[in-house]
2 protein chains.
Amino acid sequence: MKRDSRLSSVLHALLHMAEHDRPMTSEALAQCMNTNPVVVRRTMGLLREAGIVASARGHAGGWSITADLSTVTLRQLHEVLGEPAVFAIGNHSEVPECLVEQSVNAALDGAFAKAEALLLEHFAQVRIGDIAADFARRHQSIRTPQA
Amino acid sequence: MKRDSRLSSVLHALLHMAEHDRPMTSEALAQCMNTNPVVVRRTMGLLREAGIVASARGHAGGWSITADLSTVTLRQLHEVLGEPAVFAIGNHSEVPECLVEQSVNAALDGAFAKAEALLLEHFAQVRIGDIAADFARRHQSIRTPQA
DNA sequence: TTTCATGTAACTTTTGATATTACGAATATG
DNA sequence: CATATTCGTAATATCAAAAGTTACATGAAA
């Protein structure tokens with residue numbers, strides 16, 4: 001299975017945008033992120049629907065942030081992306097007739113559900129603004145490496 | 001992405017085998033599990049290397065359980081399968097040069113690591129014998145449905 | 001009106017899991 | 001010992017999901 005890296009991608013994009021005064025084009029974001037402008041538009045389009053960013057066409061167009069990043073959480077972004085499947089491990093059949101398989105699924109489902117709940121709780125507590133601040137700290141430590 | 005269902009599969013196989021006195025052939029297991037005999041051999045081969053099952057060729061050959069299932073945990077099986085990736089969501093690049101992406105990865109990695117740790121802890125506490133017992137209970141409730 | 005930039009459908013590529021084919025090796029049975 | 005059975009395994013094919021690409025329409029600014 002190929003892993004879904006859109007959450008990572010949109011975070012990356014948002015942080016770059018937060019550093020810019022003016023809108024960034026899909027082209028520019030794609031270069032930052034080592035991907036394709038169309039992929040950027042597709043993914044950022046979901047954030048636009050959620051009111052987190054806005055897009056403008058034509059000259060001086062591009063993507064800009066509309067929400068307050070200190071109020072947007074990882075969990076919201078995950079939801080905006082359509083709540084993609086979290087696990088790469090799963091049952092062979094989700095609706096088995098076989099009684100044995102039903103017991104197997106029951107044993108696994110509980111464990112996965114708890115882990116997913118923990119992950120989403122954690123996501124709910126991480127605000128994008130916090131990540132931006134973390135970036136600022138790292139950036140600072142490079143500009144002034146002597147402590 | 002297709003999900004890795006081998007953990008589910010080997011559990012299914014072990015429980016069926018536990019119900020049998022004699023060895024079960026790859027063919028028979030494959031039918032139970034709605035898959036292919038070669039896939040069964042490949043996966044069960046890993047359990048054999050770990051000493052959980054044994055295989056015999058020729059007449060009356062097949063797969064049989066050698067370990068005490070009440071001492072084998074889900075976590076062990078996960079290890080035996082090579083500790084496959086747990087998450088279907090991940091970073092765009094694991095070793096980014098971009099400082100922004102480093103902050104993004106840091107934010108996500110922590111959350112995923114905690115969720116994985118919880119999952120594996122849970123796995124460590126589930127013994128295959130317990131699942132077999134759960135199955136026996138369900139099986140019983142069908143044989144004697146009037147409570 | 002030309003250029004820039006998004007919007008989006010359609011298609012291709014890539015990747016990882018699973019399935020299949022084919023054949024070799026070992027073992028029990030008559 | 002000949003044969004049927006069953007695993008062992010390499011090589012290949014199929015499948016599904018994510019990501020990338022192409023192509024072109026739409027809209028906005030200079």
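None of the values given here were measured: they were computed from a predicted structure. Each chain gets a letter, A, B and so on, in the order the sequences are listed, and its residues count up from 1.
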With respect to the side chain of [X], which nucleotide from [options] is positioned closest?
X: A:S5; options: D:dA19, D:dC7, C:dA19; answer: D:dA19
X: B:S26; options: D:dC7, C:dT18, C:dA19; answer: D:dC7
X: B:S55; options: D:dC7, D:dA19, C:dA19; answer: D:dC7
X: A:K2; options: C:dG7, C:dT15, C:dG16; answer: C:dT15
X: B:W63; options: D:dG8, C:dG7, C:dT20; answer: D:dG8
X: B:R57; options: D:dT6, D:dG20, D:dA23; answer: D:dT6

Please indicate whether A:E94 has more than 12 foreign heavy atoms, meaning atoms of other residues, nucleotides or ligands, lying under 6.0 Å from its CD.
-> yes
Are more than 12 heavy atoms from other residues, nucleotides or ligands located less than 6.0 Å from atom CZ of A:R127?
-> no
For [X] and [N], give me the distance from atom [atom1] to atom [atom2], rounded to whole Å.
X: A:E49; N: C:dT6; atom1: CD; atom2: P; result: 16 Å
X: A:N36; N: D:dA23; atom1: CG; atom2: P; result: 13 Å
X: A:F87; N: C:dG16; atom1: CZ; atom2: P; result: 20 Å
X: B:L81; N: C:dA17; atom1: CG; atom2: P; result: 12 Å
X: B:M24; N: D:dC7; atom1: CE; atom2: C1'; result: 15 Å
X: B:R22; N: D:dT5; atom1: CZ; atom2: C1'; result: 15 Å
X: B:I89; N: D:dA18; atom1: CD1; atom2: P; result: 10 Å
X: A:R42; N: C:dC11; atom1: CZ; atom2: P; result: 14 Å

With a 3.5 Å cut-off and just heavy-atom distances, do the side chain of [X] and the base of [N] make a donor-acceptor pair?
X: B:R48; N: D:dG8; value: no
X: B:R3; N: D:dA16; value: no
X: A:H59; N: C:dT3; value: yes

With nearest nucleotides of DNA chain D determined for A:V38 and A:R6 from heavy-atom distances, which residue corresponds to the more 5′ nucleotide?
-> A:R6
Can you tell me if the side-chain N/O atoms of A:R41 get under 4.0 Å from OP1 or OP2 in C:dG7?
-> no
Think B:T35 has a side-chain N or O under 4.0 angstrom from the OP1 or OP2 of C:dA19?
-> yes
Mind checking whether A:L74 and A:H122 have side chains closer than 4.5 Å, heavy atoms only?
-> no
Considering all heavy atoms, the nearest B:S9-B:M33 contact | O-CE, 3.0 Å
Quick one: do the B:S55 and B:R48 side chains pair a donor with an acceptor below 3.5 Å?
-> yes
Mind checking whether B:F123 and A:F112 have parallel, tilted or perpendicular rings, split at 30° and 60°?
-> perpendicular
Look at all strands and tell whether B:G58 reaches a base, only sugar-phosphate, or nothing, counting heavy atoms closer than 4.0 Å.
-> base
